[in-house]
2 protein chains.
Amino acid sequence: MIELSKAEFEVLDALWLNHPATASQIIERLSDDKQWHEKTIKTLLGRLVKKGALSFKKDGRQYIYTPCMERAEYTLKESQNFIERFFSGRIAPLVSGFAKSEQLSQQDINELKKVIDDWEKQQK
Amino acid sequence: MIELSKAEFEVLDALWLNHPATASQIIERLSDDKQWHEKTIKTLLGRLVKKGALSFKKDGRQYIYTPCMERAEYTLKESQNFIERFFSGRIAPLVSGFAKSEQLSQQDINELKKVIDDWEKQQK
DNA sequence: AACTTAAGATTACACCTGTAATCAAACTTT
DNA sequence: AAAGTTTGATTACAGGTGTAATCTTAAGTT
């Protein structure tokens, strides 16, 4: 699995929002939430390319970046990894931990029920 | 939140298994799964103490370590953090991602149902 | 009391990360 | 054509991390 740092992920996330995109578009998007210097984001883009998370095409002197994988694919792998490390690969204990500490809302419960429902339909 | 590295967490996890415990007991426990050198584990114990994740009492020339927090408490915080970063704080999309990629077993589903059930009883 | 360990403390060192600044080359503007 | 600007490339640098080796010193042994 490609290992991304927190900051790298956030840059990639800005690209996932809408891609392909140039560095300046990504910088623009991130400027709302982050106080990152433009140079910082360029560095992170370079590291993402080096790690194989992004590819790019040249357009004049700019690069046009595209993610090398989909967000869902990446977050699934991260999730599996996380759940493996902290909960021996089982997902219910994570949810249970949330429930016990009052972290679940009625909406979360409804969404979870729907996920279960869909899964069961899928099965039959 | 105390930030622990992967390796640090695994050492702490070995302590959570049964505590308090001495360094050599922890080293013994880890020897099954990990090829870590004894010195490595000692280093990690030191870092855990420095970070405030462990405390210890002296017993002769040994230290007897105790975790400063419970596993469930730590994993809950990590989980919140994780879900915030990757799923904007909502838990269902994580579960949904697993479902879509056939990562859920009937057992997982049953466990999840139970969590939901318990939550609903709790509510009333 | 002197000698030998073994436990923790200190030091090591390369790679990763966050966070840029500087450099070099190409494109724009005057 | 010269100068300025903007882009990516290279360099920087401190703190974290994985992975130990070496140093100190108190405890155990003879």
Side-chain angles (χ1 to χ4, degrees), chain A residues 1-15 19-67 74 78 81-82 85-86, chain B residues 1-15 19-67 74 78 81-82 85-86:
Chain A
M1 186 174 60
I2 297 183
E3 299 263 1
L4 305 182
S5 76
K6 277 183 67 150
E8 285 159 3
F9 173 78
E10 297 194 61
V11 170
L12 178 50
D13 215 11
L15 179 59
H19 54 87
T22 63
S24 35
Q25 291 174 320
I26 296 172
I27 289 166
E28 173 57 28
R29 284 175 206 167
L30 286 167
S31 70
D32 297 334
D33 307 301
K34 297 283 160 185
Q35 323 307 312
W36 283 336
H37 195 286
E38 158 220 0
K39 299 295 188 185
T40 299
I41 297 174
K42 297 259 180 103
T43 297
L44 292 169
L45 283 170
R47 289 180 185 170
L48 284 163
V49 168
K50 194 168 176 188
K51 287 187 178 186
L54 301 184
S55 66
F56 62 87
K57 270 192 287 201
K58 282 194 186 170
D59 171 40
R61 66 171 148 170
Q62 294 191 127
Y63 287 178
I64 299 185
Y65 296 95
T66 309
Y74 180 75
E78 281 296 320
N81 207 287
F82 180 86
R85 279 171 10 81
F86 292 105
Chain B
M1 186 173 61
I2 297 182
E3 299 264 0
L4 304 181
S5 76
K6 277 183 67 151
E8 285 159 2
F9 173 78
E10 297 195 61
V11 170
L12 178 50
D13 215 10
L15 179 59
H19 54 86
T22 63
S24 35
Q25 291 174 319
I26 295 172
I27 290 166
E28 173 58 28
R29 284 175 206 168
L30 286 166
S31 70
D32 297 335
D33 307 301
K34 297 283 161 184
Q35 323 307 312
W36 283 336
H37 194 288
E38 159 221 359
K39 300 293 188 185
T40 300
I41 297 174
K42 298 258 181 104
T43 296
L44 293 169
L45 283 170
R47 289 181 185 169
L48 284 163
V49 168
K50 194 168 175 188
K51 288 187 178 186
L54 301 184
S55 67
F56 62 87
K57 270 193 287 202
K58 282 193 186 171
D59 172 38
R61 66 171 147 175
Q62 295 190 126
Y63 287 179
I64 299 185
Y65 296 94
T66 309
Y74 180 76
E78 282 295 320
N81 208 287
F82 180 87
R85 278 168 16 78
F86 292 104

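So you know, we letter chains A, B, ... as the sequences are listed, proteins then strands, and number each from 1.
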Rounded to whole angstroms, how far apart are NZ on A:Lys39 and C1' on C:dA21? 8 Å
From CG of A:Leu4 across to P of C:dC16 the rounded distance in Å is 13 Å
Under 4.0 Å between a side-chain nitrogen and a carboxylate oxygen: does that hold for A:Glu10 and A:Lys6? no
Between B:Pro67 and B:Leu12, the two heavy atoms sitting closest are CB-CD1, 3.9 Å
Could you state the NZ-C1' distance from B:Lys58 to C:dG8, rounded to the nearest angstrom? 9 Å
Of D:dG8, D:dG18, D:dA21, the nucleotide closest to the side chain of A:Tyr65 is D:dG8
From C:dA20, D:dA20, D:dT7, nucleotide with atom closest to A:Trp36 side chain: C:dA20
Counting side-chain heavy atoms from C-beta on, which of D:dA21, C:dA20, D:dT7 comes nearest to B:Thr43? D:dA21
Decide side chain to side chain contact (heavy atoms under 4.5 Å, CB included) for B:Lys57 and B:Thr66; before the verdict, give the C-alpha distance in whole Å, the side-chain angles of both, and the deciding distance to 0.1 Å. CA-CA 9 Å; B:Lys57 270 193 287 202; B:Thr66 309; over 6 Å; no
For B:Ile26 and C:dA7, what is the distance between atoms CD1 and P respectively, to the nearest whole Å? 13 Å
Specify whether B:Phe82 and B:Phe86 have parallel, tilted or perpendicular ring planes, treating 30° as the upper limit for parallel and 60° as the lower limit for perpendicular. tilted
Which whole-number value in Å describes the distance from A:Arg47 CZ to D:dA9 C1'? 13 Å
Indicate the atoms forming the closest heavy-atom contact of A:Leu4 with A:Glu8, along with that distance. CA-OE1, 3.4 Å
For B:Thr22, answer base if it contacts any base atom (sugar-phosphate contacts may also be present), sugar-phosphate if it contacts only those atoms, and nothing otherwise; contact means non-hydrogen atoms under 4.0 Å. nothing
When all nucleic acid strands are considered with a 4.0 Å heavy-atom cut-off, which category describes B:Ser5: base, sugar-phosphate, or nothing? sugar-phosphate
Judged by each residue's nearest nucleotide on DNA chain C, which is more toward the 5′ side, B:Ala23 or A:Glu8? B:Ala23
Closest-nucleotide 5' rank along DNA chain D - winner of B:Lys51 and B:Glu38: B:Lys51
What is the distance, to the nearest angstrom, from the OH atom on B:Tyr63 to the P atom on D:dT25? 13 Å
In whole Å, I'd like the distance from the NE2 atom of B:His37 to the C1' atom of D:dT19. 10 Å
base_contact_polar (C:dT5 base, B:Arg61 side chain, donor-acceptor, <3.5 Å): yes
Separation of atom NZ in A:Lys57 from atom C1' in D:dG8, rounded to whole Å: 18 Å
